[in-house]
Colleague: 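Just passing along the structure, written as structure tokens.
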Number of protein chains: 2
Amino acid sequence: MLDTQSIDIVRTQSLTSLVQREVERLILTGELAPGERINEQHLAARLRVSRGPVREALRGLEKARLVEARVNRGVYVREISVEQALEISEMRGLITGFACARLAAASTAEQRAQLAQLIDAMARAIEAGDAQGYYERNLAFHDALMDYAGNQRAKEMYDALVKESHLGRRKSLFSQRSMAESNAEHRAILDAIRTGDPEAARIAGEQHIVSGRRRFLDALGLVSATRG
Amino acid sequence: MLDTQSIDIVRTQSLTSLVQREVERLILTGELAPGERINEQHLAARLRVSRGPVREALRGLEKARLVEARVNRGVYVREISVEQALEISEMRGLITGFACARLAAASTAEQRAQLAQLIDAMARAIEAGDAQGYYERNLAFHDALMDYAGNQRAKEMYDALVKESHLGRRKSLFSQRSMAESNAEHRAILDAIRTGDPEAARIAGEQHIVSGRRRFLDALGLVSATRG
DNA sequence: ATGCTGTAAACTGTCAACAGTTTGAGTTTC
DNA sequence: GAAACTCAAACTGTTGACAGTTTACAGCAT
């Protein structure tokens, strides 16, 4: 049963939620690959729990769109098509644009300073060639945007979309140039927010996600599905 | 075990999905009221299944934000605060605006004709004082908007938000005047789509949801949380 | 060799039972 | 009379077992 420390957690969290988090981790880190079948018995044995909590957890992940259940055939890590990845990206852009517009209409000096600080940290990470550092701060930047926008629901939807988008992302290593481009867009977003122009901020936010998708496709060596 | 007809369904659908659909229905129709506790045993007995499928179904509904699980205390039909209802409404507006913009950029004559037909049907329902008929066609109109926009993900997010919003809606009977106002906005949306102006369509779509919220609050006799 | 068929293993869907927690009524104590 | 305590009933969380389906493989026919 896991270890002693975990047992205390079991008291306040259900096994289901623990399993759910673990399987989510396995999927997001790629240890469980898209298309792969998830064997309930093996998973249960590995996590030292019975199949009940495992099945419940998988049902939750199904609604979160991370896995897909086929009747009498088990559940599979979801595979997303290019088309679906584009749709997800579009929705991320929509919500990001919303958040940016919100911040342009109402944000505190402290919030703007915090965003500026993250952008500077990203710039330093790019210079240092620290892709991992950039990646983490980029996440923090987008998290901050959603937090400050003040719509909890928007943030949760955004988070869910980001998790789902990991299903389509094979490798997320970007070139220094890509990172620099991306960070320039971060600055553009912050500028628009500072100007207090919601419409410009919205466009900057949406554009950032669109450009991110293009950079990603470029990195894969694919011809972009969108023009340009 | 239900009846013979149902058994055939069981073959292709899991009991879990059947339970999930039934509980969802109970919640959306108000038979299970927000805040109400859902007793697993009673529910299982009532549906003639064991607790396993019931628990799985509830876990799915939890992720869909229709119920809330408290550890060792069971699951409750979710209650949403006014604040949360506003957030949901905002997201509905955002997605509706997106869909309208999309249609302004690209829609077929047939699609526009279909929307026009639904608007006319709503107008007739209003004249006839047929609130139920209006309600259904209104749903159909918004469904059509999302369908035609061509982003499946957007439609699903929208549908989830609509379901969730039912948790906050006690009664959805509107006055003839409200319905007329609402339908005028439908026409405004269609006009903007016909003009081919995405930005105008987006604003019309967003505005429709915002106005809908205001009409709802007015109907409750509350002071609107938003200005105006 | 290749394709088909039948059978056994593996696995999912479902159920019933057990263990631990919460709840509430009844009792006791101050 | 009110608060605290006790204990049993009710309920949730979890488990192990059973039933039916799917899958894979061996054997057989072509």
Side-chain angles (χ1 to χ4, degrees), chain A residues 1-24 26-27 32-33 35-63 66-78, chain B residues 1-24 26-27 32-33 35-63 66-78:
Chain A
M1 175 62 80
L2 304 166
D3 50 36
T4 324
Q5 189 184 6
S6 301
I7 287 179
D8 291 340
I9 299 174
V10 172
R11 295 262 163 79
T12 47
Q13 313 242 330
S14 68
L15 284 186
T16 297
S17 66
L18 292 176
V19 173
Q20 200 164 315
R21 217 167 308 163
E22 175 62 6
V23 175
E24 186 174 301
L26 291 173
I27 293 175
L32 284 172
E36 193 169 336
R37 164 124 176 266
I38 296 178
N39 186 312
E40 291 178 6
Q41 288 181 320
H42 294 174
L43 183 60
R46 174 173 170 180
L47 300 179
R48 304 273 202 284
V49 299
S50 71
R51 282 177 55 224
V54 169
R55 284 182 62 86
E56 287 183 32
L58 290 176
R59 205 59 59 182
L61 292 173
E62 187 183 10
K63 263 285 189 293
L66 291 183
V67 304
E68 220 167 8
R70 298 171 208 173
V71 68
N72 273 328
R73 299 191 179 184
V75 338
Y76 296 74
V77 178
R78 184 153 162 255
Chain B
M1 177 62 80
L2 305 164
D3 50 34
T4 324
Q5 187 184 7
S6 302
I7 287 179
D8 291 340
I9 299 174
V10 174
R11 294 261 164 79
T12 47
Q13 314 241 333
S14 66
L15 284 186
T16 296
S17 66
L18 291 176
V19 173
Q20 201 165 313
R21 217 167 310 162
E22 175 63 6
V23 175
E24 186 174 303
L26 291 173
I27 292 175
L32 284 171
E36 194 170 335
R37 165 125 176 266
I38 297 178
N39 185 313
E40 292 177 6
Q41 288 181 320
H42 294 173
L43 183 59
R46 173 172 171 182
L47 299 178
R48 303 275 204 281
V49 298
S50 71
R51 283 177 53 221
V54 169
R55 284 182 62 87
E56 287 183 33
L58 291 177
R59 206 58 61 180
L61 292 174
E62 187 183 8
K63 261 283 189 291
L66 291 183
V67 305
E68 220 169 7
R70 299 171 207 174
V71 67
N72 274 328
R73 299 194 179 181
V75 338
Y76 296 74
V77 178
R78 186 155 160 252

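A, B, ... follow the sequence lines: proteins, then strands. Residue 1 opens every chain.
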Colleague: Other residues, nucleotides and ligands only: do more than 12 of their heavy atoms fall within 6.0 Å of CZ on Arg46(B)?
Modeller: no
Colleague: Which nucleotide wins on minimum distance to the side chain of Glu56(A), given the candidates dT14(D), dT21(D), dC11(D)?
Modeller: dT14(D)
Colleague: The criterion is side-chain hydrogen bond (donor to acceptor under 3.5 Å, both in side chains); which residues satisfy it with Glu22(A), sequence neighbours excluded?
Modeller: Arg25(A)
Colleague: Tell me the interatomic distance from Arg55(A), atom CZ, to dC11(C), atom C1', rounded to whole angstroms.
Modeller: 11 Å
Colleague: When you compare the side chain of Glu62(B) with that of Val75(B), does any pair of heavy atoms fall below 4.5 Å?
Modeller: no
Colleague: Between dC11(D) and His42(B), is there an OP1 or OP2 to side-chain N/O distance shorter than 4.0 Å?
Modeller: yes
Colleague: Which whole-number value in Å describes the distance from Leu43(B) CG to dA10(D) P?
Modeller: 19 Å
Colleague: Mind checking if Gly52(B) touches a base, just sugar-phosphate, or nothing, with heavy atoms under 4.0 Å?
Modeller: nothing
Colleague: How many whole angstroms separate atom CG of Leu15(A) from atom P of dT21(C)?
Modeller: 13 Å
Colleague: Taking atom C1' of dC11(C) as reference, at what distance in whole Å does atom OH of Tyr76(A) sit?
Modeller: 10 Å
Colleague: Under 4.0 Å between any heavy atoms, over every strand shown, what does Leu58(A) touch: base, sugar-phosphate, or nothing? Just pick one.
Modeller: nothing
Colleague: Where the side chain of Arg37(A) is defined as all heavy atoms beyond and including C-beta, which of dC11(C), dC15(C), dT15(D) is the nearest nucleotide?
Modeller: dC11(C)
Colleague: Quick check: does any side chain N or O of Arg55(A) sit under 3.5 Å from a backbone N or O of Pro53(B), one acting as donor and the other as acceptor?
Modeller: no
Colleague: Specify the separation, in whole Å, of atom CZ of Arg48(A) and atom C1' of dT15(D).
Modeller: 16 Å
Colleague: Side chain of Asn72(A): nearest nucleotide among dT14(D), dC15(C), dT12(C)?
Modeller: dT12(C)
Colleague: Starting the side chain at C-beta, find the nucleotide from dT12(C), dT14(D), dT21(C) nearest to Pro53(A).
Modeller: dT14(D)
Colleague: Checking all strands, does Gln41(A) fall into the base, sugar-phosphate, or nothing category for heavy-atom contacts under 4.0 angstrom?
Modeller: base
Colleague: Taking donor-acceptor contacts at under 3.5 Å, does the side chain of Arg51(A) reach the base of dG13(C)?
Modeller: yes
Colleague: Specify the separation, in whole Å, of atom CG of Asn39(A) and atom C1' of dT21(D).
Modeller: 15 Å
Colleague: Both Arg73(A) and Thr16(A) contact DNA chain D. Taking the nearest nucleotide for each, which residue is further toward the 5' end?
Modeller: Thr16(A)
Colleague: If we ignore hydrogens and angles and just use 3.5 Å, is the side chain of Arg37(B) paired with the main-chain N or O of Arg73(B) as donor and acceptor?
Modeller: yes
